[in-house]
Amino acid sequence: MLNESRANSAASALNDGRMFIFPNEIWVKWLVVALFVKVSGLRFWSHGYLGQAYEPSRLVYYFEFAVTAATFALSFVNARVLWGSVLRAPVIAGFVVYALASAILVGEFQLNVLLYVLGYFECFAVLSLAVAIVGSQRLIDVLFRTAVVLLFANVAIAVVPSQSMMLGEFSGYYRGLSAHRNDLAYLAVICGCLVLCAPRNTSLICRSACLLTVIALLGAARSVQGIILFGLAAFIHFGAARTRLLKHPMVAVTAAFVVGLFAVVWYSFANLDDFLKFFGRDSTFTGRDRIWALSSYLLQFMPLEGYGYGRIGVNFISVGLLEKFRLGTLFTTAHNSYLEALLAYGWFGGGAFVLAVIWPSWRIISSVLSSPRRENTLAFALWLICIVGGITASEKLFLPTLGWFVFVLAQALRVEPRLEAVAGAKNG
């Protein structure tokens, strides 16, 4: 009887387009957890922004390599399912292939660079297979439970101020187990989105504690962008999932009011700098304007295939050029996902990245407007956070860390109305 039940479950899963094998499902779930922890970057960091070199322990290397090896094994076992995911997202898959080829062929080959760039493949393969094998609902549940652990781990480390507090110019800002306060804020926003979409059987106390933790971490990190993005995600979740507010005419009226208020406040200040100082910001975006100017300048001399990952401006940047743009002797990132993609992978690879970001936009937006399921609201919120966050930071979208993980997750989660109708007919 038990074998007959398992056979029926397997047949039902195959009819739904999923390969359901019980050990396979457990493997996928644990790999999702491991990958989420890996891309979150939680570990004991040195204060690298003070010039201290970071030397990860061997345990970190072993863990990251184990995740990579497990991803390849899972992909091999589920090659047909993964190929189906490639066909559903050809632009993203094409960019992943280009990035891997660039890491091997452009410039001097470095194994550590290839292992890092493999993060693109890991996120795409693991999340695509997770949706196909365990389904979007259970994937969100797994990520939610992991997010709870990550949130409270960042709070618990507060008992060690030498590790959890930033020093120097950023003294007094909380960074938890992340390398920088901005990394902590971004992780808190993502975890907050997952808390908003927690399983229905999650207690109110747990939800409230997690949301308060998110707000506390954003406040401790003093992240204005994080607070705005989390507020926007909450509006999307409650508005779309509860009352379909995103379709309500009041949304347009409210947007017009906000824009008008912004214009009035803008007019009240003498210039942009005074306006931003009112909110504790500055018009240079912490010196990013000079970095963006140099990045744009480097585009003129960029090889067709790009400079290669980690080699932006190689053999071209000089001390004199850095001084010309008032950057001292430091230039390692463009601090903009779109600029960095072009510089690292050239017009073809960078163009593929930009296209990969734009390509699913209409489907994600139309999915949440047509079918306000929690998968679609979460996908829309995460996608919006990525494309906005990517403007001021490469790690929030372009780099194969948490930003890319979240972007691929958003693309993989959405449920189209057509598929929802088919699932409903089967269940009926």
Side-chain angles (χ1 to χ4, degrees), residues 36-52 54 143-198 204-235 237 276-282 285-288 335 381-382 384-386 388-397 399 401-403 405-406:
F36 192 11
V37 173
K38 175 182 175 179
V39 298
S40 298
L42 265 62
R43 62 192 63 161
F44 289 100
W45 292 91
S46 65
H47 294 276
Y49 47 87
L50 297 181
Q52 300 179 17
Y54 168 65
L143 291 171
F144 162 70
R145 289 190 287 269
T146 309
V148 172
V149 175
L150 297 181
L151 284 173
F152 288 102
N154 273 293
V155 172
I157 197 62
V159 299
V160 188
S162 61
Q163 165 62 35
S164 59
M165 300 299 294
M166 297 187 69
L167 303 176
E169 180 184 356
F170 304 97
S171 180
Y173 291 73
Y174 189 75
R175 67 169 188 167
L177 285 168
S178 298
H180 195 276
R181 69 181 183 93
N182 291 334
D183 299 328
L184 173 64
Y186 194 64
L187 176 61
V189 170
I190 303 306
C191 291
C193 292
L194 292 168
V195 171
L196 291 173
C197 295
L204 180 61
I205 295 177
C206 179
R207 289 175 185 260
S208 301
C210 290
L211 290 175
L212 288 174
T213 302
V214 170
I215 295 171
L217 290 175
L218 290 174
R222 304 183 194 180
S223 174
V224 176
Q225 185 187 80
I227 293 172
I228 294 173
L229 290 177
F230 182 59
L232 183 61
F235 170 79
H237 173 75
L276 292 173
K277 281 182 179 178
F278 180 77
F279 296 97
R281 305 288 96 182
D282 63 83
F285 294 96
T286 324
R288 283 178 173 81
H335 277 290
L382 294 179
L384 195 59
I385 289 169
C386 284
V388 173
I391 296 174
T392 58
S394 302
E395 64 273 11
K396 292 180 180 178
L397 176 58
L399 297 183
T401 52
L402 184 59
F405 177 90
V406 171

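The first residue of the sequence shown is numbered 1, and numbering continues consecutively from there. We use all heavy atoms of the structure for the numbers below, so side chains are in, but hydrogens, waters and symmetry mates are not.
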How far apart are the C-alpha atoms of Phe36 and Leu402, what are their side-chain angles, what is the distance that settles it, and do they pass the side chain to side chain contact (heavy atoms under 4.5 Å, CB included) test?
CA-CA 8 Å; Phe36 192 11; Leu402 184 59; 3.9 Å; yes
Could you go through Cys386 and Tyr186, starting from their C-alpha distance and side-chain angles, then the distance that decides it, and tell me whether this counts as side chain to side chain contact (heavy atoms under 4.5 Å, CB included)?
CA-CA 10 Å; Cys386 284; Tyr186 194 64; 3.7 Å; yes
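- The nearest pair of heavy atoms linking Leu382 to Cys193 is CD2-CB, 4.0 Å.
- The shortest distance between side-chain heavy atoms of Arg43 and Lys38 does not fall below 4.5 Å.
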Would Arg175 and Met166 count as a side chain to side chain contact (heavy atoms under 4.5 Å, CB included) here? Give the steps.
CA-CA 6 Å; Arg175 67 169 188 167; Met166 297 187 69; 3.8 Å; yes
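- With contacts defined as side-chain heavy-atom distances shorter than 4.5 Å, the pair Val406/Ile385 does not qualify.
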Enumerate, atom names and distances included, each donor-acceptor pair closer than 3.5 Å involving a side-chain atom of residues 151-160, sequence neighbours excluded.
from: Asn154; atom 1: OD1; to: Leu177; atom 2: N; distance (Å): 2.9
from: Asn154; atom 1: ND2; to: Leu150; atom 2: O; distance (Å): 3.0

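- Remark: side-chain polar atoms of His237 are paired, donor with acceptor, to backbone N or O of Leu196 under 3.5 angstrom.
- Residues Val189 and Gly226 come closest through the heavy atom pair CG2-O, 3.4 Å.
- Closest of all the heavy-atom pairs between Leu42 and Ser178 is CD1-OG, 4.2 Å.
- Between Leu217 and Tyr174, the shortest heavy-atom contact is CD2-CE2, 3.8 Å.
- In plain terms, the two heavy atoms of Phe144 and Ala198 that are nearest each other are CE1-CB, 3.6 Å.
- Minimum interatomic distance between Gly390 and Leu397 (heavy atoms only, all atoms of both residues): CA-CB, 4.0 Å.
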